[in-house]
There are 2 protein chains.
Amino acid sequence: MENKEKLLNAALSLFDEKGYQGVGIQEICNAVGVSKPTMYHYFGSKLGLLDSIFKTNLTEDIKYLEREASYNGDFVNSIQKLTFALSECTSKNPVLYHLLFSYILSSKKNEDSEVAQKYLNKIYEITLNLFIKSKEQNGNMNNRESQFTYSYLAVVVDYLNRHGMDENKEQGLYGLLHQFQFGINS
Amino acid sequence: MENKEKLLNAALSLFDEKGYQGVGIQEICNAVGVSKPTMYHYFGSKLGLLDSIFKTNLTEDIKYLEREASYNGDFVNSIQKLTFALSECTSKNPVLYHLLFSYILSSKKNEDSEVAQKYLNKIYEITLNLFIKSKEQNGNMNNRESQFTYSYLAVVVDYLNRHGMDENKEQGLYGLLHQFQFGINS
DNA sequence: AAAACAATATACCAGTCGGTATATTACTTG
DNA sequence: CAAGTAATATACCGACTGGTATATTGTTTT
């Protein structure tokens, strides 16, 4: 593995463990065994490093999620596909999604927050789009698609974050989706 | 207002805006117009300052939430009381709860995260207790109280965080609770 | 072969970090 | 009135911050 990839991996782990602001560039470089100018050569700045972490890891995932979340006429089936696609992504790269999702409730005015929100918004839009498309054909959501999107993501993200790489994740997800559709009284 | 309270208020605003790690002690003291030894005289350390912020603001709130969330034989009524109690607390001190809730998905190994988790756990326990007590008398939760607690808090916290001081917050909360009980298909 | 370039290191920059030693003032307690 | 204490400021500490000027090496392009 080349220094560029080593830096991306070490920075991801450290950012997730201690937070973006809690990690120094020197610390990242020490973990890899290179000097600071090497990091600046590849990424330009600390913020550029964070953005590269998200870009290199998420670009394909977002395309995949877009494909899986396209409404196919069956809302339950579509939301299931999106949910398991999200689950698969987090299983493949749990640390990345743990870092990304940690920014959901922050909304700080830090530069790192703004970078993360950029990618979080894409996931939000993909989900919202599914609810909107579904409404166009079923028309029973009473303009609550936005709230449904927030609730859905809040529950699913919380679950995925808590069950990182568990084996039985899928079983719990079926329960979660059932609960989302029919409530806890069933 | 005395310097101690000024420091607590300034630190709360700055921590929420930029994150604990993103704010220096000097910055907080400048905002108040005192010197660093004054801050250290009252709080001992930066972490002590954060803990004081939570302790002074949350101690009474937690007692209030405990009272409101005590199961009274009617689960729907109990969960409503807890929900509106949470809503009232966040309305009274939106910045504090915005800061506190921002730690939910983080679970970093930072010292500030550990302090925040201490208080978040109390809210979690209050909520879980309501679900458990409710089960003892209704017995229809199939050991899913823990998951219900997480889902409930995820949805409600997300909502409260997003609607900070909105006037029509209560109306949306009724919808949210209905959705939690009966799902989105109703 | 010469010039350009990519990748790297050493050594440095001013600024800030959390925290403290010391001194001063004012108030309280004996 | 004397001693202690609470509250504050100035000035400092070593360590670290993000970032860079400069130099060196090896490869690629002309």
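Just so it is clear: chains get the letters A, B, ... in the order the sequence lines come, proteins before strands, and each one is counted from 1. As a basis for the values below, the full set of heavy atoms in this structure was taken, side chains included, without hydrogen atoms, waters or symmetry mates.
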Distance-only donor-acceptor hits, side chain of residues 169-178 of chain A, under 3.5 Å, sequence neighbours excluded:
from: Lys169(A); atom 1: NZ; to: Ser87(A); atom 2: O; distance (Å): 3.4
from: Lys169(A); atom 1: NZ; to: Thr90(A); atom 2: OG1; distance (Å): 3.3
from: Lys169(A); atom 1: NZ; to: Ser91(A); atom 2: OG; distance (Å): 2.7
from: Lys169(A); atom 1: NZ; to: Gly164(A); atom 2: O; distance (Å): 3.0

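- Under the ring-ring contact (aromatic ring centres under 6.0 Å, His included) criterion, Tyr119(B) pairs with Phe54(B), not counting sequence neighbours.
- Taking 4.0 Å as the cutoff to heavy atoms of chain A, we find the contact window on DNA chain C bounded by dA6(C) to dT10(C).
- Take Asp158(B) and apply the salt bridge (charged side-chain N to carboxylate O under 4.0 Å, His left out) test, not counting sequence neighbours, and it matches Arg162(B).
- Here His98(A) pairs with nothing under the ring-ring contact (aromatic ring centres under 6.0 Å, His included) rule; sequence neighbours left out.
- The phosphate of dT8(D) has OP1 or OP2 within less than 4.0 Å of a side-chain N or O from Tyr42(B).
- Checked against side-chain contact (heavy atoms from CB on, under 4.5 Å), Asn72(A) has the following partners two or more places apart in sequence or in another chain: Asp74(A), Asn77(A), Ser78(A), Lys81(A).
- Among residues two or more places apart in sequence or in another chain, the ring-ring contact (aromatic ring centres under 6.0 Å, His included) test is passed with Tyr124(A) by Tyr150(A).
- Note on residues 22-40 of chain B: pairs passing salt bridge (charged side-chain N to carboxylate O under 4.0 Å, His left out), not counting sequence neighbours, are Lys18(B)-Glu27(B).
- Here Glu5(B) pairs with nothing under the salt bridge (charged side-chain N to carboxylate O under 4.0 Å, His left out) rule; sequence neighbours left out.
- Scanning residues 44-51 of chain B for heavy-atom distances under 4.0 Å to DNA chain C yields Ser45(B), Lys46(B).
- Between Phe15(A) and Tyr20(A), the angle of the ring planes lies from 30° to 60°, which puts this pair in the tilted group.
- In this structure Tyr103(A) satisfies the ring-ring contact (aromatic ring centres under 6.0 Å, His included) test with no other residue, sequence neighbours excluded.
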At a cut-off of 3.5 Å, list every protein nitrogen or oxygen paired with a nitrogen or oxygen from nucleotides 26-29 of chain D, distance to 0.1 Å.
none

